[in-house]
Amino acid sequence: MAHPDKAFVIGVLREIAALLQLQGESVFKVRAYERAADTLDQLQGDLGARVEAGTLQALPGFGEAIATKVTELWTTGALGYHQALLKAFPRSLLAVCDVPGVGPKRAAALYHALGVVDRAGLQRACEAQQVRALPGFGAKSEAAILEGLASMGAQAARTPLAVARPVGEAWLARVRALPGIVRAELAGSARRWAETVGDLDIVASVSDGADPLPAMQAFSALPGVAKVLGSGATKTSVILDGGLQLDLRIVGETDFGTALHHFTGSKAHHVKLRGIAREKHLTLSEWGVHRIHKDGSAGAKLAVPDEAALYRALHMDFVPPELREDHGEIEAALAHALPRLVERDDLLGITHAHTTDSDGKDSVEDMARAAAALGARYLTITDHSPTASYAHGLTADRLRAQWDEIDRVNDLGLSVRLLKGAEVDILEDGSLDHPDAVLAKLEVVIGSIHQRHKMDADQMTARISKAFDNPHLHIWGHATGRLIGQREPYGLHMEALLDKAAAKGVAVEINGAPKRLDLSAAHARLAKARGVALVLSVDAHATAQLDNLRYAVATARRAGIEKRDVLTRLPAAKFVSHLHGMRR
DNA sequence: GCCGTTTTCGGCCCGACTGTTTTCAGTCG
């Protein structure tokens, strides 16, 4: 029979955790199921093979009980334990738990007392003023739930990093200029360069003992603040023009390091870190690192002026924010084996640029000048191929004409060299969209999918695999075709294709276009594990988008990519000869 | 339900905030 896929198993484990919460089960039992789901989320390699080999219990967070349940689920496609839980509570009640102001306890109470089974029922119960009569609820709770329901309908869940990050950086500059502010940094998922951001966080400090109130008040009064949600001694939350929420926290200088660390997250990173702290008889919070006495009471506070000191106190190496996801970085930091993450200054070249010859907004020369201004030593001009007619893809004749223009610009004496290339479509049958004779004359060939996205995964994998057989292909472009928040990735067997890319000497790009970030960090980890050569690219359709490099670098760093993994660390001539020489 | 160079049992991350309370439970990050 057909087995369920890994994502289905993960979904069932998380649903069990949520249903156990509704039942009021021990939070530790709930956490055990969530942890097992997290483990599978990060698992590389074939889950089915592991089930059949009976080695599930070797995974962290997998004991006898969960291993048995996952085995049942995998082999039969269903799990009796899960179905029994669903008899006690309808699945739609889980959506009620997600309403702001409602959690599992309250959802269960609403279900038992009022028969609320979904969000619509919750809305009706609030409007009928039935909720305020329940023990533990009141008129204010009822109003807060109604507001929570309204906010869920209104706002898009999360904001793309490329929208949120520049807003955060602009506000960071304003916060630093507030009266009495000593230090301020962006925190939260924006500092970790997560793909999407829920809200913005800024952590700032004033001198020890100084009153943060004047800065708080000045902040709330700044133009661009649409609404003040709440303001306390250490925290002010506002909605900005444009709808993003920004939380500003101000602490004394002494606590800045631990506060910045705390509000940078991620939660999973912190949870594990605190467990490690506990083993060392320390306790960790936004208010510092304290020793714990044998009787459990808090002892002396350690001096922790910055994040590096915090990690030192735990005998760990400093973990860069991009890695703080509990994806193995904690173990590596304890073993002093963290990767030395690639930095933007390590890169000499920028790849994947379009011009007005296809669907770009700026000319070859303008792109060159902009790349030079960014300090790049070379830029690959890679316009579309003929089949991409919507993008005015270049015919072979127009491509040759572009080479003349590139030669002319290269003779201007700019500090950047343009490389002749193309982003060729990988056609439906896996062939490339320029004749081999044309491709052979190019310095850089990126192969990408731009149409017929809806093939099944087997067909798509075969299509791309065939393209890898063409020795003129150098770089696999935006591998999954996803557009974050807009278009799902097309189905393909990523690990098999990365195996083949490694075997055939095809490089893979980490496309830094903010909507793509493709390879994702998770996929880039898989590529690195196989020794696949990587290229950090910008997919720029205008001069301003050459700066997409920052998002490509961030994605690479989130994947633990080092300088040596990235081909654009090489000077232009070596970059080209390497691309050609590694093809097998 | 998982886990173990201080434990095979007794732990399991931390604190703020809110509303409903009269000492705390639930939610949130």
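What you see below is based on every heavy atom in this structure, not just the backbone, and it leaves out hydrogens, waters and symmetry mates. Below, chain A is the first sequence line, B the second, and so on; all start at residue 1.
For the segment residues 88-96 of chain A, no residue has any heavy atom less than 4.0 angstrom from an atom of DNA chain B. If you check residues 205-214 of chain A against DNA chain B, you find no residue with a heavy atom closer than 4.0 Å.
The side-chain hydrogen bond (donor to acceptor under 3.5 Å, both in side chains) analysis of residues 204-213 of chain A, with sequence neighbours excluded, yields the pairs A:S205-A:E253, A:D208-A:T254. Within the structure, salt bridge (charged side-chain N to carboxylate O under 4.0 Å, His left out) contacts touching residues 17-28 of chain A (residues at least two apart or in different chains) are A:E25-A:K29. Within the structure, the side-chain hydrogen bond (donor to acceptor under 3.5 Å, both in side chains) test picks out the following pairs touching residues 303-322 of chain A (sequence neighbours left out): A:R191-A:E307, A:H261-A:Y311, A:H269-A:Y311, A:E307-A:R324, A:Y311-A:R324, A:D317-A:H336, A:E322-A:R557. Sorted by first then second residue, the side-chain hydrogen bond (donor to acceptor under 3.5 Å, both in side chains) pairs that include residues 110-121 of chain A, not counting sequence neighbours, number zero.
Positionally, the nearest nucleotide of DNA chain B for A:K69 lies more toward the 5' end than for the other of A:K69 and A:H270. Toward the 5' end of DNA chain B, the nearer of the two residues A:R35 and A:W287, judged by each one's closest nucleotide, is A:R35.
Crowding of A:E127 atom CD: a count of heavy atoms from other residues, nucleotides or ligands under 6.0 Å exceeding 12.
Whole-Å rounding puts the A:E279 CD to B:dC12 C1' distance at 11 Å. Atom CD in A:E64 sits roughly 14 Å away from atom C1' in B:dC3 (whole-Å rounding).
The same atom, P, is picked in B:dG10 and in B:dG15; the two are 25 Å apart, to the nearest Å. For B:dT21 and B:dG26, the P atoms lie 13 Å apart once the distance is rounded to whole Å. B:dT20 and B:dT27: their P atoms are spaced 13 Å apart (whole Å). The same atom, P, is picked in B:dC12 and in B:dC17; the two are 24 Å apart, to the nearest Å. Remark: the separation of the P atoms in B:dT18 and B:dG11 is 33 Å, to the nearest Å. Taking atom P in both B:dG1 and B:dT6, one finds a spacing of 28 Å when rounded to whole Å.
Taking the ring pair (Phe, Tyr, Trp, His ring centres under 6.0 Å) definition, one finds that A:Y33 meets it with nothing, sequence neighbours left out. For the side chain to side chain donor-acceptor pair (under 3.5 Å) test, no residue two or more places apart in sequence or in another chain qualifies with A:R487. With sequence neighbours excluded, no residue forms a ring pair (Phe, Tyr, Trp, His ring centres under 6.0 Å) with A:W287. Checked against side chain to side chain donor-acceptor pair (under 3.5 Å), A:E169 has the following partners two or more places apart in sequence or in another chain: A:R165, A:R550.
Here A:L273 lies out of heavy-atom contact (under 4.0 Å) with every strand.
For A:R31, no side-chain nitrogen or oxygen approaches OP1 or OP2 of B:dG1 to under 4.0 Å.
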Sequence neighbours left out, cut at 3.5 Å: what donor-acceptor pairs do the side chains of residues 240-247 of chain A make with other protein atoms?
| unit_1 | atom_1 | unit_2 | atom_2 | d |
| --- | --- | --- | --- | --- |
| A:Q245 | NE2 | A:D247 | OD1 | 3.0 |
| A:D247 | OD1 | A:S237 | OG | 2.8 |

Once each nucleotide of nucleotides 17-29 of chain B is scored for protein heavy atoms under 4.0 Å, what B/S/- sequence comes out, 5' to 3'? --SSS----SSS-
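Among the nucleotides B:dC2, B:dT6, B:dG15, the one closest to any side-chain atom of A:H281 is B:dT6. Nearest to the side chain of A:T283, among B:dC14, B:dG1, B:dG15, sits B:dC14.
Residues A:V70 and A:R50 form no side-chain contact, since every pair of their non-hydrogen atoms from C-beta on lies 4.5 Å or further apart. Two residues are said to be in side-chain contact when any heavy atoms from C-beta on lie closer than 4.5 Å; A:T68 and A:Y81 fail this criterion.
Using Watson-Crick or G-U wobble geometry with both donor-acceptor distances under 3.5 Å, B:dC3 finds its partner in B:dG10.
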